[in-house]
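This report refers to the structure that appears directly beneath it.
It should be emphasised that the depicted structure is a prediction, and the values quoted were computed from it without experimental measurement.
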Amino acid sequence: MLIDFFFTLKDARIPVTIKEFLTLLEAMQRQVSTASMDDFYYLSRLTLVKDEAHYDKFDRAFAQYFKGINAAFEGNSAIPLDWLVKRMQRELNEEQKALLEKFGYDKLMDRLAELLKEQKERHEGGSKWIGTGGTSPFGNGGTNPEGVRIGGKGGNRTAVKVWEARAYKDYDGEREIGTRNIKVALRRLRKFARQGAEEELALDATIRATANNAGYLDIKMQPERKNNIKVLMLFDVGGTMDDHIERTEELFSAAKTEFKNMEFFYFHNCVYDYMWKNNRRRNSERFPTWDILRKYPPDTKLIFVGDATMSPYEVLQPGGSVEYNNEEAGSAWLTRFTGAFPKFAWLNPEPEGVWQYRQSISIIQQLMNHRMFPLTMDGLERAMRTLSK
């Protein structure tokens with residue numbers, strides 16, 4: 001029954017073997033899980049996928065084969081789903097948009113709390129209540145210079161808070177298309193040294209010793225030549241970074257190849273008090289940022305990767321994160337990172353020409369001592385030169 005499923009995974013370039021497939025069949029025969037589709041998904045992923053880097057490819061292959069598996073919607077029960085479905089959208093000109101009022105962060109949060117108590121029905125196209133398609137700062141599908149997006153999809157990139165359970169995907173570390181030139185640029189950071197036991201043939205020394213020994217073979221060994229550069233990469237994921245997945249995956253893949261002593265973590269928009277390594281388990285497997293700051297030595301090369309596109313509140317204000325009420329501002333954490341690791345740089349996939357129009361980019365540039373570089377070949381080379389000094 002599942003042979004075609006096995007070949008679908010193979011076609012998706014997931015290194016699944018017959019032994020793992022037989023393990024899945026045995027688990028089903030022994031009724032390790034229930035007969036639900038969700039349980040089968042987790043059981044098959046557990047038995048067939050041995051590397052978390054393949055989870056994304058597995059999800060696509062699973063959905064392709066079973067045609068229609070749906071992720072559970074985890075909405076907030078206090079707001080009926082029908083209130084958040086966009087049915088119309090008002091078109092505003094630039095003058096009308098300029099007249100829209102900004103509440104300010106604290107006032108915005110207080111007003112939302114009031115509306116959650118007062119509102120009893122759906123609203124659409126208005127300027128006050130939680131709804132869709134209007135100019136209210138609460139809801140989705142409308143226009144407002146600062147708001148709380150509830151449900152729906154982002155578009156204007158002006159939300160200072162997002163109320164939803166969001167799922168991010170890990171960057172694929174095996175992506176090879178377009179990574180060759182990136183690898184060449186990253187090699188500027190490499191610093192080789194002979195380390196470890198003498199297990200490698202020293203060819204030049206062997207030739208000289210043999211010649212000096214009247215032609216009798218005299219083999220010389222040497223320690224292996226290793227790149228001793230240590231790199232810590234922090235990746236922004238989700239939200240506006242979805243527009244840059246392809247280039248970020250290329251960078252991630254190239255960096256994993258070039259830097260053997262590389263660690264990475266994910267964050268969303270700005271660094272706060274915790275980060276994570278697996279986006280599917282980001283709510284259960286968190287790494288305190290203080291631990292990361294203390295774990296790695298000061299000579300580690302620190303590289304941020306993100307578009308730095310967000311509300312300024314997310315950088316400057318405690319509680320400014322779009323996902324939760326962070327106790328300290330993102331700027332405080334960025335300052336700690338630049339203080340702990342003197343060699344640092346920020347790679348931005350957004351075109352350099354638009355940076356001047358994004359207030360958050362300007363703020364982070366200042367916090368990074370203007371060590372922000374575009375994610376282009378020229379930008380990569382400049383960043384590597386900065387890190388090598």
Side-chain angles (χ1 to χ4, degrees), residues 9 12-16 20 24 33 37-63 69-74 162 164-176 179 230-257 259-296 300 302-307 321-324 326 330 333 337 347 349:
L9 298 178
R13 299 180 64 186
I14 300 172
V16 58
E20 292 158 352
L24 171 63
S33 66
M37 181 62 78
D38 286 344
D39 284 350
F40 175 72
Y41 163 79
Y42 287 112
L43 176 64
S44 59
R45 194 182 72 177
L46 175 67
T47 54
L48 300 176
V49 183
K50 300 304 182 185
D51 189 335
E52 294 174 353
H54 300 302
Y55 279 178
D56 191 29
K57 288 185 282 188
F58 177 81
D59 286 352
R60 292 196 296 265
F62 191 96
I69 182 171
N70 294 318
F73 175 76
E74 297 180 357
V162 177
E164 63 180 357
R166 298 202 280 178
Y168 308 141
K169 294 182 179 179
D170 294 345
Y171 291 127
D172 188 346
E174 295 192 348
R175 186 178 183 90
E176 288 294 332
T179 59
K230 297 177 285 293
V231 177
L232 174 61
M233 298 191 76
L234 306 180
F235 289 91
D236 183 5
V237 65
T240 56
M241 280 297 291
D242 288 347
D243 297 340
H244 310 293
I245 286 177
E246 184 173 357
R247 271 191 300 165
T248 306
E249 285 188 338
E250 291 172 356
L251 174 66
F252 186 33
S253 177
K256 285 183 66 178
T257 301
F259 305 131
K260 302 305 180 184
N261 299 322
M262 186 190 98
E263 280 286 357
F264 72 92
F265 294 91
Y266 292 116
F267 65 93
H268 179 57
N269 283 359
C270 195
V271 174
Y272 301 114
D273 54 322
Y274 69 86
M275 286 183 275
W276 58 93
K277 292 181 72 71
N278 185 309
N279 282 297
R280 294 183 182 279
R281 297 200 292 267
R282 68 190 179 96
N283 292 317
S284 58
E285 293 183 4
R286 298 175 174 178
F287 295 83
T289 306
W290 273 120
D291 290 350
I292 297 171
L293 285 165
R294 293 163 178 158
K295 179 178 180 180
Y296 302 101
T300 301
L302 174 63
I303 303 175
F304 290 93
V305 183
D307 60 4
S321 167
V322 296
E323 298 194 301
Y324 73 109
N326 50 298
W333 290 106
F337 269 103
L347 298 177

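Using a 4.5 Å cut-off on side-chain heavy atoms (C-beta onward), Val16 and His54 make no contact. Looking at heavy atoms from C-beta onward, Asn279 lies out of side-chain contact with Tyr55 at the 4.5 angstrom threshold.
Just one residue in the list Val237, Leu251, Asp236 forms a side-chain contact (heavy atoms from CB on, under 4.5 Å) with Val305, and that residue is Leu251.
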- [ ] Check the pair Lys50 / Glu20 against side-chain contact (heavy atoms from CB on, under 4.5 Å), numbers first and verdict last.
- [x] CA-CA 9 Å; Lys50 300 304 182 185; Glu20 292 158 352; 3.4 Å; yes
Open item on the list: Let's go through Cys270 and Trp333 carefully: what are the C-alpha distance in whole Å and the side-chain angles of both, what is the deciding distance for side-chain contact (heavy atoms from CB on, under 4.5 Å) to 0.1 Å, and is it a yes or a no?
Closed with: CA-CA 9 Å; Cys270 195; Trp333 290 106; over 6 Å; no
- [ ] Under the side-chain hydrogen bond (donor to acceptor under 3.5 Å, both in side chains) rule, what do Asp307 and Thr240 come out as? Steps first, then yes or no, please.
- [x] CA-CA 8 Å; Asp307 60 4; Thr240 56; 2.5 Å; yes
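Applying the ring-ring contact (aromatic ring centres under 6.0 Å, His included) criterion to Tyr272, with sequence neighbours excluded, gives no partner residue. Looking at residues two or more places apart in sequence or on another chain, you find a side-chain contact (heavy atoms from CB on, under 4.5 Å) between Phe265 and Leu232, Leu234, Met275, Lys277, Phe287, Ile292, Tyr296. With sequence neighbours left out, Ala61 forms a side-chain contact (heavy atoms from CB on, under 4.5 Å) with Thr8, Leu9, Ala12. Checked against side-chain contact (heavy atoms from CB on, under 4.5 Å), Leu43 has the following partners two or more places apart in sequence or in another chain: Leu24, Ala27, Met28, Val32, Ser33, Thr47. In this structure Arg286 satisfies the salt bridge (Lys or Arg N to Asp or Glu O under 4.0 Å) test with no other residue, sequence neighbours excluded.
Listed here is the closest heavy atom pair of Met233 and Ala255: SD-CB, 3.5 Å. Residues Lys57 and Arg13 share a closest heavy-atom pair of NZ-O, 3.6 Å.
In this structure a side-chain-to-backbone donor-acceptor pair under 3.5 Å is present from Arg247 to Pro349. Checked by atom type and distance alone, the side chain of Thr289 pairs as donor or acceptor with a backbone atom of Tyr274 at under 3.5 Å.
Between Phe62 and Phe40, the ring planes lie tilted relative to each other; the angle falls in the 30° to 60° range. Ring geometry for Phe235 versus Tyr266: interplanar angle of 30 to 60°, hence tilted.
One finds the NZ atom of Lys295 at 10.5 Å from the OG1 atom of Thr300 (value rounded to the nearest 0.5 Å). In this structure, CZ on Phe304 lies 5.5 Å from CZ on Phe337, to the nearest 0.5 angstrom.
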